[in-house]
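Here the structure is laid out as structure tokens; the discussion comes afterwards.
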There are 2 protein chains.
Amino acid sequence: MGVVRKTQSVSLVLDAFNAENKAISVIDLVERFSDKINKTTVYRVLDRLEDDGVLHSFLGVNGIKWYAPCKGCSEHKHTDVHPHFQCTDCGKIDCLNVDITIPNLPNREVAGAQVLIQGKCEACCN
Amino acid sequence: MGVVRKTQSVSLVLDAFNAENKAISVIDLVERFSDKINKTTVYRVLDRLEDDGVLHSFLGVNGIKWYAPCKGCSEHKHTDVHPHFQCTDCGKIDCLNVDITIPNLPNREVAGAQVLIQGKCEACCN
DNA sequence: TATATTAATGCAACTAAGTTGCAAATATAC
DNA sequence: GTATATTTGCAACTTAGTTGCATTAATATA
């Protein structure tokens with residue numbers, strides 16, 4: 001899994017994430033590259049980059065998929081379990097560099113967690 | 001908003017939630033009542049019950065919508081911000097009666113949070 | 001550098017969750 | 001019992017995401 005060739009599509013997608021160090025929704029990416037990359041290809045490129053630990057994905061409100069650059073993730077160890085913050089005004093999502101504490105759950109085996117905090121972002125607070 | 005008449009559809013849906021004190025996915029409900037309630041109606045009944053603070057909704061993995069009974073929610077005050085636990089084996093979701101601590105975020109206005117913990121549930125741990 | 005090999009792409013058609021408009025049915029209030 | 005407003009069913013639609021397959025483009029090898 002995850003044999004990533006440096007194709008044009010891959011470069012374009014990576015450039016987008018490097019330009020703004022933020023989460024980008026798949027919908028946004030598909031729209032943004034609509035004249036350069038096929039929709040299907042966008043989905044597959046993101047898939048591969050996630051497999052390789054370059055990006056990580058999560059769901060925003062309305063179940064829309066978002067991707068953001070990984071920091072300290074490797075192909076087999078996605079330890080990057082941080083919360084995301086989605087602004088209820090502008091809809092943008094940031095990764096938060098905060099550790100969240102998952103409560104101790106007896107008789108259960110916790111594998112991971114997805115935390116989406118909602119509210120007003122820094123820009124929209126003014 | 002939220003004028004709920006005690007119709008047959010509403011009763012059927014509420015009975016389902018009373019029978020098993022668990023979260024149920026919309027897909028499950030639509031399927032379960034496919035010969036009794038129209039798909040559109042199921043969606044609308046759930047919508048209304050959420051508006052009235054009887055149920056609350058959240059997203060499971062794959063962005064599928066789930067509903068669960070509210071405890072202590074009212075029409076205007078949805079304080080029921082508890083984490084949900086989805087089993088990676090059987091797919092079922094439980095509401096956890098645990099409070100989660102949202103980290104302090106300077107310059108941001110936190111309105112709420114969605115926490116989905118994933119792992120093996122009690123039944124699947126054996 | 002040319003060629004073989006394998007991964008990646010585009011396209012079109014599809015699936016599935018959820019929504020909308022509207023006419024008909026059914027609760028509730030009077 | 002009748003009027004009024006809510007709720008329902010239906011069919012058609014929207015949108016995110018997927019699949020199969022033939023073509024194209026990277027990489028490895030000679």
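Quick note on labels: first sequence line is chain A, next is B, and so on, each numbered from 1.
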### Query
Any ion pair linking B:Asp94 and A:Arg108 (charged N to carboxylate O, less than 4.0 Å)?
yes
### Task
To the nearest Å, give me how far apart CD (B:Glu31) and C1' (C:dA16) are.
13 Å
### Message
In whole Å, I'd like the distance from the CG atom of B:Asp52 to the P atom of D:dT6.
### Response
13 Å
### Query
Going from SG on A:Cys70 to NE2 on A:His56, what distance comes out if it is rounded to the nearest 0.5 angstrom?
5.5 Å
### Query
Looking at A:Val98 and B:Pro103, what are the two nearest heavy atoms and their distance?
CG1-CB, 3.6 Å
### Summary
Heavy-atom nearest pair, B:Leu55 first then B:Phe17, reads CD1-CE1, 3.7 Å
Within the sub-3.5 Å range, which N or O atoms of nucleotides 26-30 of chain C have a protein N or O partner, and how far apart are they?
residue : atom : partner : partner atom : Å
C:dA27  : N3   : B:Arg5  : NH1          : 3.0
C:dT28  : OP1  : B:Lys6  : N            : 3.0

### Query
Mind checking what makes side chain to side chain contact (heavy atoms under 4.5 Å, CB included) contact with A:Lys92, not counting sequence neighbours?
A:Lys22, A:Cys90
If you look only at distance, which donor and acceptor atoms sit under 3.5 Å apart when one is on a side chain in residues 117-126 of chain B and the other is two or more places apart or in another chain?
residue  : atom : partner  : partner atom : Å
B:Gln118 : OE1  : A:Gln114 : NE2          : 3.2

#### Entry: Geometric class of the A:Trp66/A:Phe58 ring pair [parallel <30°, tilted 30-60°, perpendicular >60°]
parallel
### Query
Side chains of B:Leu46 and B:Ser57: closer than 4.5 Å at any heavy-atom pair?
no
### Message
Could you tell me if the side chain of B:Val30 sits less than 4.5 Å from the side chain of B:Tyr43, heavy atoms only?
### Response
yes
### Task
Could you tell me whether A:Val30 contacts a base, only the sugar-phosphate backbone, or nothing, with contacts defined as non-hydrogen atoms closer than 4.0 Å?
nothing
### Task
Starting from the first five and the last five pairs of the helix from C:dT1-D:dA30 to C:dC30-D:dG1, work out the angle between the resulting helix axes, to 10 degrees.
40°
Could you tabulate the donor-acceptor pairs under 3.5 Å formed by side-chain atoms of residues 33-41 of chain B, not counting sequence neighbours?
residue : atom : partner : partner atom : Å
B:Ser34 : OG   : B:Glu31 : O            : 3.0
B:Asn38 : OD1  : B:Thr40 : N            : 2.8
B:Asn38 : OD1  : B:Thr40 : OG1          : 3.1

### Message
Each nucleotide in nucleotides 9-19 of chain D should get exactly one letter: B, S or -. Can you fill that in based on protein heavy atoms under 4.0 Å?
### Response
BBB----SBBB
